[in-house]
Amino acid sequence: MSLFEAILMGIVQGITEFLPVSSSGHLAVIGKLLNIQEEAGVSFEVLLHVGTLTAVCLVFRKDICRMAIELIRMISDLLYNGTTYFHNRFHTDAVRDYRKLLHNNYRKLVVMLALSTIPTGILGYLMQGVVREASATLLAPGLGFLVTGVLLFVMDNWKPGKKIPKDMKSSHALAIGICQGLGTFPGISRLGITMTAGLMCGLNRSFAVRYSFLLSIPAVIGALILEIQTASFPAMSWSLGGIYAAGTAAAALTGCLVIRWMLNFVKSRKFFIFAAYCFLLGIATIVCHFAL
């Protein structure tokens with residue numbers, strides 16, 4: 001793998017991971033056409049995910065810190081409620097009040113993200129073999145792009161709701177998590193399918209995209225754990241290490257820029273642009289599959 005190819009793959013990962021066009025599909029197509037994946041091995045894909053994970057953490061660092069604080073406070077309140085239960089049971093003359101666990105949006109958001117992660121993790125684990133085989137051909141990503149195009153067309157014409165974290169139900173979180181799990185298939189955009197699911201659950205348009213971005217953190221961490229277990233790490237030299245680092249940095253930097261742009265773009269209802277792009281790319285990819 002050359003330095004140019006590594007940076008190219010990093011830029012593609014950083015852009016497509018945070019646009020509703022499927023990063024896995026683009027990497028599969030480019031890797032197949034340029035014969036990059038076979039040379040680089042799975043380890044480079046792991047590093048690309050590290051780059052985009054870094055981008056999400058940097059952009060949403062304030063939200064992440066607040067959620068971490070509220071998680072610690074929730075655990076503290078849960079322990080307090082446990083001791084309160086036994087206190088009230090044996091000291092009826094001095095009854096204590098229980099603390100409400102989900103009394104703000106960040107606490108509710110932590111719980112909803114945790115619920116969404118469960119079906120995502122199960123589907124991601126079960127679909128490992130299917131995803132690996134599908135990534136080796138252009139036909140599967142091509143079909144996935146067409147599915148993404150349909151999803152984006154639906155999302156562009158779906159009337160957005162007004163729900164924010166406090167209005168979410170466990171069924172909403174589980175539905176979005178299932179959709180994210182299906183988004184591991186090459187060509188199906190994780191962002192596109194989770195945003196569509198969020199809007200269909202009645203989420204506010206801006207919150208739907210923020211929820212999708214935040215939900216990618218545990219999903220990417222889980223994917224990294226699975227990939228590392230089966231990754232083929234080549235003998236690392238200084239030159240190869242520098243090339244891999246450049247690709248990772250390109251993914252992180254590009255990802256930061258695209259996330260910030262996407263948070264503003266989502267306020268407009270112009271996803272038909274991405275839908276048209278996915279339809280054209282899907283058709284072109286399928287044609288290439290039978291032509292090459």
From CA spacing to verdict: side chain to side chain contact (heavy atoms under 4.5 Å, CB included), R96, H91: CA-CA 9 Å; R96 293 179 183 174; H91 301 83; over 6 Å; no
Sub-3.5 Å donor-acceptor pair from the side chain of [X] to the main-chain atoms of [Y], do we have one?
X    : Y    : answer
R107 : N104 : no
D77  : R99  : no
T83  : Y80  : yes

What is the minimum heavy-atom distance between [X] and [Y], and which atoms define it?
X    : Y    : value
A275 : G149 : CB-O, 3.6 Å
M168 : K108 : O-NZ, 2.8 Å
I176 : L215 : CG2-CD2, 3.8 Å
F185 : A134 : CE1-CB, 3.9 Å
A208 : L199 : CB-CD2, 4.3 Å
M155 : R205 : O-NH1, 4.0 Å

Are [X] and [Y] linked, directly or through other ILVMFWY residues, by side chains that come within less than 4.5 angstrom of each other?
X    : Y    : result
Y125 : I118 : yes
I193 : V258 : no
V147 : V130 : yes
F274 : F153 : no
F60  : V111 : yes

If you measure from [atom1] on [X] to [atom2] on [Y], what distance do you get to the nearest 0.5 Å?
X    : Y    : atom1 : atom2 : value
T196 : L151 : OG1   : CG    : 5.0 Å
N88  : N81  : CG    : CG    : 10.0 Å
L8   : Q13  : CG    : CD    : 12.0 Å
L47  : M9   : CG    : CE    : 12.0 Å
D167 : C201 : CG    : SG    : 12.5 Å
M112 : L174 : CE    : CG    : 8.0 Å

Given L253 and I11, is the side chain to side chain contact (heavy atoms under 4.5 Å, CB included) satisfied, shown in steps? CA-CA 8 Å; L253 179 60; I11 292 175; over 6 Å; no
Close side-chain approach of [X] and [Y], heavy atoms under 4.5 Å:
X    : Y    : result
Y277 : I273 : no
K163 : H172 : yes
P20  : M195 : no
C278 : L146 : no
T148 : V21  : no
V95  : H87  : no
Y106 : P165 : no
L263 : V209 : yes

For the residue pair F271 and F265, does the interplanar ring angle fall in the parallel (under 30°), tilted (30 to 60°) or perpendicular (over 60°) class? perpendicular
Run L257 and W261 through side chain to side chain contact (heavy atoms under 4.5 Å, CB included) and show every step you take. CA-CA 6 Å; L257 296 175; W261 179 83; over 6 Å; no
Can you confirm whether more than 12 heavy atoms, excluding those of [X], are under 6.0 Å from its [atom1] atom?
X   : atom1 : answer
F90 : CZ    : yes
D97 : CG    : no
Y85 : OH    : no

Trace of the side chain to side chain contact (heavy atoms under 4.5 Å, CB included) decision for L214 with L109: CA-CA 10 Å; L214 291 171; L109 183 57; 3.9 Å; yes
E17 and T52: side chain donor to acceptor below 3.5 Å: no
If you take the centroid of each ring, where Trp contributes its six-membered ring, are F213 and F18 closer together than 6.0 Å?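 Yes, close enough.
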Given V266, T194, L203, the one that forms side chain to side chain contact (heavy atoms under 4.5 Å, CB included) with S212: T194
Looking at R210 and D63, does any basic side-chain N land under 4.0 Å from a carboxylate oxygen? yes
